[in-house]
2 protein chains.
Amino acid sequence: MTTVISKATLQRLPIYLNYLKSMADAPEYISATTLANALRLGEVQVRKDLACISDAGKPKVGYMTKDLVAVLEDYLGNDVNDAVIVGVGHLGKALMAYKGFEEYGFKIVAGFDLDPALIGKEVAGKKVFGVEKMENLIRRLGIKIGIITLPKECAQETADKLIAAGIRAIWNFSPAYIIVPDNVAVKNENMASSLAVLSKQLKELLLSEK
Amino acid sequence: MTTVISKATLQRLPIYLNYLKSMADAPEYISATTLANALRLGEVQVRKDLACISDAGKPKVGYMTKDLVAVLEDYLGNDVNDAVIVGVGHLGKALMAYKGFEEYGFKIVAGFDLDPALIGKEVAGKKVFGVEKMENLIRRLGIKIGIITLPKECAQETADKLIAAGIRAIWNFSPAYIIVPDNVAVKNENMASSLAVLSKQLKELLLSEK
DNA sequence: CCCGTATCGATAATTTCGTATCGATATTGT
DNA sequence: ACAATATCGATACGAAATTATCGATACGGG
């Protein structure tokens with residue numbers, strides 16, 4: 001365990017956790033085989049992923065479910081990060097209301113927007129501020145993660161402001177491709193990329209039946 | 001060109017297209033080097049990706065921008081797929097209003113929801129129907145793609161209904177992991193996976209400066 | 001009590017993906 | 001016209017990820 005965890009594995013860990021927690025009738029033990037079948041993954045792959053964070057697998061029975069959940073939660077959420085969101089449109093509101101981030105050590109503490117109709121309101125219990133308060137508030141609270149849910153025109157400009165205020169990781173949902181300095185992490189969430197994969201799969205499915 | 005296109009490449013193609021189209025002052029020609037620098041990718045990687053779909057690169061000058069856009073659009077959107085969306089909450093509305101899907105051969109034609117206050121209304125010019133109309137409408141229009149933006153409780157059940165109605169590709173934004181038959185494509189969009197990667201990057205960044 | 005089987009962990013093989021290198025070619029400057 | 005250079009496409013190499021294989025171990029059934 002506690003070896004170097006590859007990016008690919010890291011992306012699967014939340015999926016295991018999510019699946020385990022969503023099981024209504026969780027058995028006491030669960031095997032890699034069972035998990036693999038349920039999630040459409042390779043049996044060996046699951047075992048290898050789990051080996052990174054757990055060493056409690058037993059032949060013939062599998063892993064104790066509650067232990068597995070515990071180590072996954074521990075690994076994924078071991079330090080809670082506060083985050084702010086810029087752009088309280090539909091997507092921004094959806095993310096602010098998304099239950100489940102906090103399970104992964106992630107907490108949205110405030111939103112920012114230009115719209116006076118939104119400022120001062122609350123969304124999912126989180127207050128919405130005017131963007132002019134943004135830099136000050138981020139700096140004061142020492143927040144490191146910023147989420148951008150804005151039209152692409154203002155995305156880069158906002159990213160620059162966030163970075164100037166001390167943000168070190170940006171999750172960008174705008175269609176714009178954001179460029180940041182090397183000492184800032186960025187994840188450009190591109191809907192079209194996911195879609196391209198799905199669309200290709202569909203095409204192949206339909207073709208294979210002709 | 002027209003070789004087998006890997007999944008990794010396929011995911012980058014929309015990014016190239018998006019970048020090229022978003023350039024305000026697009027030059028007549030653009031080189032792989034320029035693209036690579038702008039998108040923080042390897043120069044050779046970009047060239048290799050583009051080689052899959054284009055053969056119009058010229059030494060010293062690069063690719064003719066409008067040709068590149070044309071082949072990318074052609075490849076990514078060569079068959080327009082109609083799609084429906086189930087769950088017209090914040091996220092559903094955000095996707096319905098998302099400009100940019102149609103550039104990738106993808107068109108949301110209707111939404112479905114349970115809320116009587118929404119039924120009959122329009123979101124971004126698309127009508128919202130009651131879920132009881134869902135199966136009929138999908139079958140009648142021969143729609144193949146369904147997007148699920150519902151709470152996790154109803155996700156699997158809805159997926160089953162969609163499939164029964166003839167849907168062959170599901171884009172699932174609910175936190176639930178959806179299981180489908182082999183002849184249906186599914187993409188479980190897991191926010192937590194993206195987040196895990198970003199969060200780890202941030203942690204490493206902060207650690208490396210200590 | 002022993003044998004068959006499901007499962008684990010580890011190692012090895014294969015595949016996929018990314019990167020480096022090299023000759024070829026078009027443009028620019030002299 | 002010719003040399004210098006940026007870029008392309010192709011090939012070869014290396015790294016990463018997935019998949020296959022194997023011995024070891026725990027449980028259940030004769």
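First the proteins, then the strands, lettered A, B, ... as listed; each starts at 1.
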Starting at the 5' end of DNA chain D and moving along, which residue's nearest nucleotide shows up first, A:Ala8 or B:Thr34?
-> B:Thr34
Protein-nucleotide distance (A:Leu10, atom CG; D:dA17, atom C1'), rounded to Å | 14 Å
Rounded to the nearest Å, what distance is computed from the CD atom of residue B:Glu28 to the C1' atom of nucleotide D:dT7?
-> 16 Å
Heavy-atom pair with the smallest gap, counting every atom of B:Ala83 and B:Phe106 = CB-CZ, 3.8 Å
Between A:Leu13 (CG) and D:dA17 (P), how many Å, whole number?
-> 13 Å
Result for 5'-nearest mapping on DNA chain D, choosing between A:Asp49 and A:Val61, is A:Asp49
For B:Tyr63 and D:dA6, is the shortest distance between a side-chain N/O and OP1 or OP2 below 4.0 Å?
-> no
Given D:dT7, C:dA20, D:dA17, which nucleotide is nearest the side-chain atoms of B:Arg47?
-> D:dT7
Rounded off to whole Å, could you give me the CE-to-C1' distance for the B:Met64 and D:dT7 pair?
-> 16 Å
Are A:Glu189 and B:Ser194 linked by a side-chain donor-acceptor pair shorter than 3.5 Å?
-> yes
Kindly compute the distance separating CD (B:Glu73) from CG (B:Leu68), expressed to the nearest 0.5 Å.
-> 10.5 Å
So which one's nearest nucleotide on DNA chain C is more toward 5', B:Lys58 or A:Ser31?
-> A:Ser31
Would you state whether a donor and an acceptor, one from the side chain of B:Lys48 and one from the base of C:dT19, lie under 3.5 Å apart?
-> yes
Among C:dT21, C:dA10, D:dC8, the nucleotide that comes nearest once only the side chain of B:Val44 is considered | C:dT21
Whole-Å distance separating the CG atom of B:Asp55 from the P atom of D:dT7 | 20 Å
Step by step, would you call A:Asp113 with A:Lys93 a salt bridge (Lys or Arg N to Asp or Glu O under 4.0 Å)?
-> CA-CA 11 Å; A:Asp113 206 290; A:Lys93 280 179 189 150; over 6 Å; no
Check whether any side-chain N or O of B:Ser6 sits under 4.0 Å from OP1 or OP2 of C:dC17, and answer yes or no.
-> yes
Polar side chain donor-acceptor pair, A:Tyr16 to A:Asp49, under 3.5 angstrom = yes
Atom pair distance, as rounded to whole Å: CD in A:Glu43 and P in D:dC22 | 15 Å
Length of the NZ-P vector between B:Lys7 and C:dG18, whole Å = 12 Å
B:Ile30 CD1 - D:dA6 P separation (whole Å) = 17 Å
